[in-house]
Number of protein chains: 2
Amino acid sequence: MTVSKTAEKSAEKAAEATKGRKDPPEALAEALQLGELSEQLGYVLKRAQLKVFENFLRCVASLQLTPAQFSVLLLVEKNPGRNQTEIASTLGILRPNFVAMLDNLESRDLCARIRSTNDRRSHILVLTDKGKAVLARAKKLVASKHEARLNDLLGTANREALIAMLSKIANEF
Amino acid sequence: MTVSKTAEKSAEKAAEATKGRKDPPEALAEALQLGELSEQLGYVLKRAQLKVFENFLRCVASLQLTPAQFSVLLLVEKNPGRNQTEIASTLGILRPNFVAMLDNLESRDLCARIRSTNDRRSHILVLTDKGKAVLARAKKLVASKHEARLNDLLGTANREALIAMLSKIANEF
DNA sequence: TATTGTTATACTCTATAACTATA
DNA sequence: TATAGTTATAGAGTATAACAATA
């Protein structure tokens, strides 16, 4: 590629600038300036989301549940008798991608697919007894560890305001 | 797999329940109950993040910039003279994955890699003139379309409070 | 010996087309 | 003809190991 004349000049200046600076471990490299990045909603949203998912995974590690799997179990429990298409589309999961997810949950005996007697193309989804028990334990872990950690950080009122704003963005943006 | 006795029973009940309900387009399927899902921070965070990225892409579509590319340009502009490792790690991008990203930006003449005269292993990153111009246009589009849309939805004060809370989560959770 | 940029590679997510069985 | 579940597949995004050049 070709670099413009002025780009070359500023590049030389930049390269010169590093001459006086020692690299670690000789000296601690100065932290970079985030600048406008720290005000970019998308940026902080993505970083926060990664942290929250990471913490969620740690909190329910004993149950081996991902945030996506937890959301499926919650939705099936709340809406018994719905089929795969309905559950998947509500969660924003494409039907083809939902198949392997359900295979996993079903192989662990957490939920079951039942052929609908009404429309034999459909698979009705239900939680097994084990699925209900695991979900109940997951809810307790999430409340006592995950949500509690967040309440400590923000305060309960702020946490609720945060969720309200995020819901508004998710639904109306 | 095997379904427990009670799971079979609730499954039959669930299958029965669908008999009386017509599927679309014969009748509108009732919307599912989100239940506790709408209070799960991780869930609303992820859905909101997807919407925000989607809107960002539309707003800067004329410049063909992704949120990740925008963040690289912003950070390089704010921190001229830093190398690939420093820029990548600040953004949470792994060095191997940063190579293709830079190849893309450099092939479009938006930024340039310059061998450091100080440490010939390093590539100093700088924006080209075109990169600076594109970034300036991107900032204007983001401010006038993306951020403005968000201010309309939440109000400026709420938008700032939201970013402050997300930053806190990203940095301290 | 350690670090920078790089390649190769693999695994997860996400997205689309097309098949089957049912309607 | 259309729909539900499925398969195959392709593309992002993300992760680790290892190599060449340099320190």
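Values in this document were obtained by computation on a predicted structure and should not be read as measured data. Below, read A as the first sequence line, B as the second, and so on, with proteins coming before strands; counting in each chain starts at 1.
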Rounded to whole Å, CG of Asn83(A) lies from P of dT22(C) at a distance of 16 Å
When rounded to whole Å, the CZ to P distance for the pair Arg115(B) and dT22(D) reads 7 Å
When the rotation axes relating C1' atoms of four end pairs to the next four are compared across the helix from dT1(C)-dA23(D) to dA23(C)-dT1(D), five pairs an end, they differ to 10° by 10°
To the nearest angstrom, the CZ-P distance between Arg95(B) and dT16(D) comes to 10 Å
Those residues at least two apart in sequence (or on a different chain) that pass side chain to side chain donor-acceptor pair (under 3.5 Å) with Asn158(B) are none
Report each atom pair, protein N/O against N/O of nucleotides 11-15 of chain C, whose distance is under 3.5 angstrom.
residue: dA15(C); atom: N7; partner: Asn97(A); partner atom: OD1; Å: 3.3
residue: dA15(C); atom: N7; partner: Asn97(A); partner atom: ND2; Å: 2.9
residue: dA15(C); atom: N6; partner: Asn97(A); partner atom: OD1; Å: 2.8

Asp119(A) atom CG is separated from dA2(D) atom P, nearest whole Å, by 16 Å
For Asn79(A), the side chain to side chain donor-acceptor pair (under 3.5 Å) test, sequence neighbours excluded, returns none
Note: for Phe98(A) and Ala68(B) on DNA chain D, the residue whose nearest nucleotide lies more 5' is Phe98(A)
Sorted by chain and residue number, the side chain to side chain contact (heavy atoms under 4.5 Å, CB included) partners of Arg137(B) (sequence neighbours excluded) come out as Leu63(B)
Is it the case that over 12 heavy atoms from other parts of the model lie below 6.0 angstrom from the CD atom of Gln64(B)? no
When rounded to whole Å, the CZ to P distance for the pair Arg120(B) and dT22(D) reads 6 Å
Out of dT6(C), dG5(D), dA2(D), minimum distance to the side chain of Gln84(A) belongs to dG5(D)
Residues Val52(A) and Phe173(B): closest non-hydrogen pair is CA-CE2, 4.0 Å
In whole angstroms, the gap separating P of dT3(C) from CG of Asn118(B) amounts to 16 Å
Rounded to whole Å, CG of Leu57(A) lies from P of dA15(D) at a distance of 12 Å
**Message:** Under a 3.5 Å cutoff, is there a donor and acceptor pairing between the side chains of Arg113(A) and Gln84(A)?
**Reply:** yes
Exercise. Are any of Thr85(B)'s side-chain N or O atoms less than 4.0 Å away from OP1 or OP2 of dG5(C)?
Worked result: yes
Rounded to whole Å, CZ of Arg121(B) lies from P of dT4(C) at a distance of 6 Å
On a heavy-atom basis, the closest approach of Asn55(B) and His146(B) is OD1-ND1, 2.6 Å
Please list, one pair per line, the donor and acceptor atoms closer than 3.5 Å that link side chains of residues 35-47 of chain B to other protein atoms, with sequence neighbours excluded.
residue: Glu36(B); atom: OE2; partner: Lys139(A); partner atom: NZ; Å: 2.8
residue: Ser38(B); atom: OG; partner: Gly35(B); partner atom: O; Å: 2.9
residue: Tyr43(B); atom: OH; partner: Arg47(B); partner atom: NH1; Å: 3.1
residue: Arg47(B); atom: NH1; partner: Thr90(A); partner atom: O; Å: 3.2
residue: Arg47(B); atom: NH1; partner: Leu91(A); partner atom: O; Å: 3.1

Nearest heavy-atom contact between Ala138(B) and Val60(B) is O-CG1, 4.2 Å
